[in-house]
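Counting starts at 1 for both ligands and their atoms, in listed order. Computation of the quantities below employed the complete heavy-atom set of this structure, encompassing side-chain atoms and omitting hydrogens, waters and symmetry-equivalent molecules. None of the values given here were measured: they were computed from a predicted structure.
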Amino acid sequence: NADVAMYHAKAQGRNNIQFFNPQMNQAAMERSRMSQALRVALDEGQFELHYQAQLDTRSRAVVGFEALIRWRHPVEGLISPQEFIPVAEDTSLILPLGEWVLDEACRQLREWQDAGMNGVTMAINLSAHQLRSPKLVSHVAATLEKHRLQGADIELEITESVAMHNPEASIKQLQALRNLGLRLSIDDFGTGYSSLSYLKLLPIQTLKLDRSFVRDIETDVNNVIICTTTIALAHSLGLKVVGEGVETTAQHNLLKAHGCDLVQGFLFSKPLTAALVPGFVDENLASRMQIVYA
Ligand code: C2E
Ligand code: MG
Ligand code: MG
Ligand code: MG
């Protein structure tokens with residue numbers, strides 16, 4: 001299939017000479033098939049958001065949720081974003097998909113606020129394409145207004161590489177979002193290439209320490225150093241730090257000892273369906289009350 005092969009060659013860069021073998025062709029066709037299926041899925045409402053709690057490291061109070069997309073495929077079941085977000089990115093489908101995520105996360109937060117859940121922010125992942133889109137800022141503003149939310153209710157997460165790709169353009173977009181009152185964070189910090197001189201120019205409030213550093217923090221002394229140095233760097237730039245992927249009490253205690261502000265991970269909660277969130281918040285509150293009054 002010449003179109004598919006051409007598309008694949010383009011994805012690899014214009015000046016690369018590509019030698020196609022049957023496996024590569026199959027991978028390209030797989031992606032093309034998936035992008036078709038993603039379009040159908042968007043039309044038919046097969047996506048859903050799950051929500052993972054972010055907690056204050058010391059008090060364990062829930063301070064926010066991160067919205068994480070899933071594809072509920074009628075035959076294959078629940079599909080992870082790692083499988084389809086890269087395809088959506090490559091095909092620009094990420095733009096309408098990202099709009100859906102923003103709208104749905106804001107709608108959900110409004111519903112929770114109306115039910116009395118206050119002081120909880122919603123973190124939303126933003127892709128490279130979205131950050132580059134000239135419509136992003138006006139669309140975010142319109143979505144906030146539609147759901148009667150404040151800018152400060154929403155935090156947008158972008159990865160380092162996305163922010164650093166075209167720093168001048170990123171800074172402009174991020175500043176415009178910041179002017180709407182949104183909070184901004186760098187996701188998976190430490191895994192991309194970051195220029196520290198640009199980092200300090202970005203109008204961000206939070207660094208999310210990548211899960212790969214937290215994972216081996218108990219056994220790998222280098223990871224302890226990376227975590228403590230990153231926390232110190234962040235604090236010296238006036239930023240908060242979220243420890244990602246906290247799975248054990250030992251990891252939580254280490255991050256707490258080193259002043260990490262917020263934590264997120266399976267130790268506290270897996271990403272939950274929307275229906276489970278209010279119960280989780282009530283239980284979290286009740287268990288902290290018990291500690292206070294015990
Ligand atoms: P991320 O933004 O870094 O999200 C954190 C990922 O780590 C999530 O995977 C979450 O389920 C997982 N995680 C959280 N705590 C733990 C833990 O304690 N242990 C382990 N092993 N994993 C943990 P998920 O939901 O599969 O999402 C993967 C990535 O897909 C996200 O990484 C994000 O980059 C992307 N993604 C998810 N939703 C969206 C979206 O709506 N838009 C865009 N553009 N990307 C999204
Ligand atoms: Mg994220
Ligand atoms: Mg992350
Ligand atoms: Mg990630």
Answer whether the closest heavy-atom distance between the side chains of [X] and [Y] falls below 4.5 Å.
| X | Y | value |
| --- | --- | --- |
| Ile158 | Leu184 | no |
| Val224 | His258 | yes |
| Leu38 | Thr91 | no |
| Asp188 | Glu244 | yes |
| Phe84 | His73 | no |

What atoms in ligand 1 come closer than 4.0 Å to a heavy atom of [X]?
| X | value |
| --- | --- |
| Ser127 | 44 (N) |
| Gly265 | 15 (N), 18 (O) |
| Val101 | 41 (O) |
| Asp188 | 3 (O) |
| Asp187 | 1 (P), 2 (O), 3 (O) |
| Glu244 | 3 (O) |

Compute the minimum heavy-atom distance from [X] to ligand 1 and say whether it is under 4.0 Å.
| X | answer |
| --- | --- |
| Glu66 | yes |
| Gln82 | yes |
| Lys270 | no |
| Arg215 | no |

Report task. Look at atom 21 (N) of ligand 1 and find which of Glu157, Glu89, Glu247 reaches it with the closest heavy atom. Result -> Glu247
Are any of the N/O atoms on [X], whether in the backbone or the side chain, positioned under 3.5 angstrom from an N/O atom of ligand 1?
| X | result |
| --- | --- |
| Phe266 | yes |
| Gln52 | yes |
| Pro81 | no |
| Arg70 | yes |

Report task. Looking at Asp188, pick out the N, O or S atom nearest to the Mg ion (ligand 3) and give its name. Result ->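 Distance check against the Mg ion (ligand 3) picks out OD1 in Asp188.
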If you check every N/O/S atom of [X], which is the one nearest the Mg ion (ligand 2)?
| X | answer |
| --- | --- |
| Asp187 | OD2 |
| Glu157 | OE1 |
| Glu66 | OE2 |

[X]/[Y] ion pair, N-O < 4.0 Å:
| X | Y | result |
| --- | --- | --- |
| Asp103 | Lys146 | yes |
| Asp43 | Arg39 | no |
| Arg107 | Glu111 | yes |
| Glu155 | Lys240 | no |

Requested in this report: Check the hydrophobic clustering (I, L, V, M, F, W, Y; side-chain heavy atoms under 4.5 Å; chains of links allowed) and say if Val62 and Leu149 are grouped together.
Outcome: yes
Report task. Look at the aromatic rings of His252 and Phe268 and report parallel, tilted or perpendicular, splitting at 30° and 60°. Result ->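 Taking Phe268 first and then His252, their aromatic rings stand perpendicular (interplane angle over 60°).
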Query raised in the report: Got more than 12 heavy atoms from elsewhere within 6.0 Å of CD, Gln150?
Result: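 Not buried by this count: 12 neighbours or fewer within 6.0 Å.
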Query raised in the report: Has Glu283 got more than 12 heavy atoms of other residues, nucleotides or ligands less than 6.0 Å from its CD?
Result: no
Query raised in the report: Is the distance from the Mg ion (ligand 3) to some N, O or S atom of Glu244 under 2.8 Å?
Result: yes
Report summary line: With heavy atoms and a 4.0 Å threshold, my read on which part of Leu267 contacts ligand 1 is neither
